[in-house]
Amino acid sequence: MIKKILIANRGEIALRIIRALRELGIASVVVYSEADRETLPVMLADEAICIGAAPAKESYLRMDRILSAAIASGADAIHPGFGFLSENSRFSSLCSKCGLIFIGPSAEVIAKLGDKAAARECMKQAGVPIIPGSDGAVMDVREGLAKAEAIGYPVMIKASAGGGGKGMRIAYGPEDFAANYESAAAEAEKAFGNGELYLEKYLSSARHIEVQILGDTFGQVIHLGERDCSVQRRHQKLIEEAPAFGISEEMREAMGSCAVRAAKAAGYTGAGTVEFLLAPDGQYYFMEMNTRIQVEHGITELVTGVDLIQEQIRIADGRPLSKRQEEIRIAGHAFECRINAEDVKNGFRPVPGVIEELHLPGGNGVRIDTALYPGCRISPYYDSMLAKIMTWGETREAARMRMLGALDELVIEGVPTTAEALGALMTTEEFIRGGVDTGYVDRSENSL
Ligand code: MV4
């Protein structure tokens with residue numbers, strides 16, 4: 001039985017995990033960098049261990065130090081949160097070798113789904129619809145050009161080791177294929193040490209819909225409905241909602257069981273997310289599967305009542321899922337706004353600083369996940385996300401109005417934030433109507 005868990009993360013997600021552990025009666029250990037000495041996770045965890053200097057490469061990405069801290073503190077398991085080592089198959093495997101439980105899928109499953117070209121093949125075999133494209137990776141520009149011709153332009157050039165938009169280019173015709181191919185390969189090589197690429201038909205005006213799944217070690221897999229994450233800027237999500245507007249119960253069931261089929265095909269255990277592109281014609285296609293808990297998991301919790309972090313721990317502890325598919329109900333509607341320390345007028349440039357004034361909204365149907373406190377320092381070393389504001393309402397409109405109220409009430413001084421821009425994005429006619437596609441932010445940007 002798991003009695004103590006080491007949290008290999010920082011900020012609001014570390015705090016989120018500490019709270020789940022407290023409810024489960026499991027002891028918490030956090031690791032932290034020198035820049036994070038004076039943060040809430042360090043103060044609120046049962047134990048805290050400094051693992052190095054501020055740069056992530058010297059702390060949150062140091063597998064050796066994190067594993068040593070876990071062994072020294074007597075932890076049974078490691079929760080990686082998101083980002084950092086959360087989708088690193090080598091880290092999952094090293095945990096096992098050290099006799100520690102990695103809270104996430106096995107190293108083999110992470111590796112298989114991390115190779116996006118291989119994941120596509122796996123899904124194709126399982127009968128999950130994939131976007132027409134190259135079968136597997138392409139070897140060079142020549143082969144790519146031939147494949148692109150067969151697929152039909154525009155084509156999307158994607159990195160096998162990518163995901164989340166890195167190493168991704170669109171080629172509109174044979175004349176701009178080679179240049180895009182080379183720059184995608186160079187970007188992928190630099191970011192992942194692997195320049196391998198594959199091709200897909202480019203689907204424009206699509207929506208980004210993702211399905212939350214949970215799989216236990218007894219082979220049971222359930223889905224918890226979908227989230228619409230179409231409101232993104234340069235592949236950074238700004239606003240998410242659950243459920244997706246305009247998706248019928250039949251469609252939800254079809255996408256949900258498709259996600260379950262995808263997870264079963266991969267031998268998935270733990271919490272995971274299957275990303276789909278939903279085309280304007282109503283067709284949906286598998287894009288990739290994320291093998292971690294996601295930033296936006298809270299809105300699924302708001303509409304299902306399931307604690308996804310607690311489920312992750314249950315699964316890692318070898319226990320069955322706490323609910324069967326028939327017991328999952330989607331109730332009401334939820335939004336999430338990611339509040340970042342960024343200068344919107346300056347291309348959303350991250351701005352570090354000190355929080356001089358702070359008022360967090362609250363009230364019925366408002367959830368805030370944050371590690372902010374008055375006087376805390378926002379370091380330039382990590383992600384610029386300060387807080388996630390989530391609101392729940394019986395209807396989409398009630399949840400939207402609640403969010404506008406919460407954004408209005410929010411006071412953060414000391415750094416610029418994205419709060420006002422998010423409010424503007426949620427107030428347009430197009431957004432109020434619902435079902436915006438992934439081009440929405442670009443179309444709106446000059447009015448932010
Ligand atoms: C696509 C696509 C359209 N066609 N692939 C973005 C992140 C990664 N998960 C895959 N992504 C996309 N893949 C094909 N074949 C559209 C996206 C996409 C997107 C593209 C441009 C601008 C914003 C976007 C937001 C979400 C998804």
Side-chain angles (χ1 to χ4, degrees), residues 82-83 87 113-121 123-124 128-138 144 147-148 150-173 177 180-181 183-184 187-188 191-192 196-212 226-241 244 255 259 262 272-292 294-296 336 338 347-348 425 430-431 435-445:
F82 43 66
E87 298 187 89
L113 294 171
D115 179 337
K116 306 301 173 186
R120 260 171 70 81
E121 282 311 299
M123 295 310 155
K124 191 178 170 185
V128 173
I130 57 171
I131 304 166
S134 58
D135 292 330
V138 291
K147 290 253 165 79
I151 295 163
Y153 288 95
V155 297
M156 205 137 197
I157 304 165
K158 295 186 175 183
S160 295
K166 263 226 183 90
M168 224 171 77
R169 295 288 185 283
I170 305 170
Y172 288 94
F177 185 86
N180 279 301
Y181 185 96
S183 77
E187 189 176 313
F192 318 113
E196 193 181 274
L197 303 172
Y198 66 100
L199 307 180
E200 280 177 1
K201 174 93 184 162
Y202 173 63
L203 303 177
S204 62
S205 324
R207 293 165 69 187
H208 176 134
I209 308 287
E210 56 183 38
V211 177
Q212 178 70 54
E226 78 289 353
R227 298 182 286 258
D228 189 330
C229 303
S230 299
V231 184
Q232 311 190 2
R233 182 185 177 277
R234 306 218 174 147
H235 305 301
Q236 293 292 333
K237 293 168 186 166
L238 303 178
I239 300 165
E240 301 101 340
E241 64 179 287
M255 287 182 86
T273 300
V274 183
E275 290 186 3
F276 292 100
L277 266 187
L278 176 59
D281 65 3
Q283 277 293 326
Y284 56 87
Y285 305 92
F286 171 86
M287 264 202 301
E288 52 190 74
M289 182 162 182
N290 301 321
T291 60
R292 57 167 191 279
Q294 296 207 209
V295 174
E296 60 271 27
E336 171 173 275
R338 300 188 186 191
F348 288 73
L425 284 170
E430 191 179 350
F431 189 89
V436 301
D437 66 62
T438 55
Y440 176 63
V441 179
D442 284 343
R443 288 196 295 278
S444 316
E445 192 149 346

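Counting starts at 1 for both ligands and their atoms, in listed order.
- Not one N or O on the side chain of R120 forms a donor-acceptor pair closer than 3.5 Å with the backbone of F286.
- Nearest residue to atom 8 (C) of ligand 1 from E288, R234, R233, M156 is E288 (criterion: closest heavy atom).
- Side-chain contact, E210 with T273: no donor N or O sits under 3.5 Å from an acceptor N or O.
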Residues R227, E336; criterion salt bridge (charged side-chain N to carboxylate O under 4.0 Å, His left out); working and verdict | CA-CA 10 Å; R227 298 182 286 258; E336 171 173 275; over 6 Å; no
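- Using a distance-only test at 3.5 Å, with no hydrogens or angles considered, no donor-acceptor pair links the side chain of D228 to the main chain of E241.
- Contacts between L277 and ligand 1 below 4.0 angstrom, taking non-hydrogen atoms only, involve the side chain exclusively.
- Not one N or O on the side chain of E275 forms a donor-acceptor pair closer than 3.5 Å with the backbone of M287.
- Using modelled atom types, no side-chain atom of Y181 and backbone atom of A171 make a donor-acceptor pair closer than 3.5 Å.
- Distances from atom 17 (C) of ligand 1 to the heavy atoms of M287, E210, K116 put M287 nearest.
- Among all protein heavy atoms, the one lying closest to atom 4 (N) of ligand 1 is L203 N, 3.0 Å.
- Side-chain contact between H235 and T438: absent, with no pair of heavy atoms (C-beta onward) separated by less than 4.5 Å.
- When only interatomic distances are considered, the shortest N/O to N/O separation between E275 and ligand 1 falls below 3.5 Å.
- Shown here is Q236, whose CD atom has no more than 12 heavy atoms of other residues, nucleotides or ligands within 6.0 Å.
- T438 CB, 3.6 Å is the protein heavy atom nearest to atom 24 (C) of ligand 1.
- Ligand 1 has an N or O atom lying under 3.5 Å from an N or O atom of E200, backbone or side chain.
- Atom 7 (C) of ligand 1 has its closest protein heavy atom at G165 N, 3.7 Å.
- For atom 19 (C) of ligand 1, the choice among Q236, H235, H208 with the nearest heavy atom turns out to be H235.
- Ring pair Y202/Y172 is perpendicular by interplanar angle, where above 60° counts as perpendicular and below 30° as parallel.
- Less than 4.0 angstrom separates some heavy atom of Q232 from each of these atoms of ligand 1: 25 (C), 26 (C).
- Residue M168 has no N or O atom closer than 3.5 Å to an N or O atom of ligand 1.
- Proximity to K201 (heavy-atom distance under 4.0 Å) selects the following atoms of ligand 1: 4 (N), 14 (C), 15 (N).
- Considering backbone and side-chain N/O atoms, K158 comes within less than 3.5 Å of an N/O atom of ligand 1.
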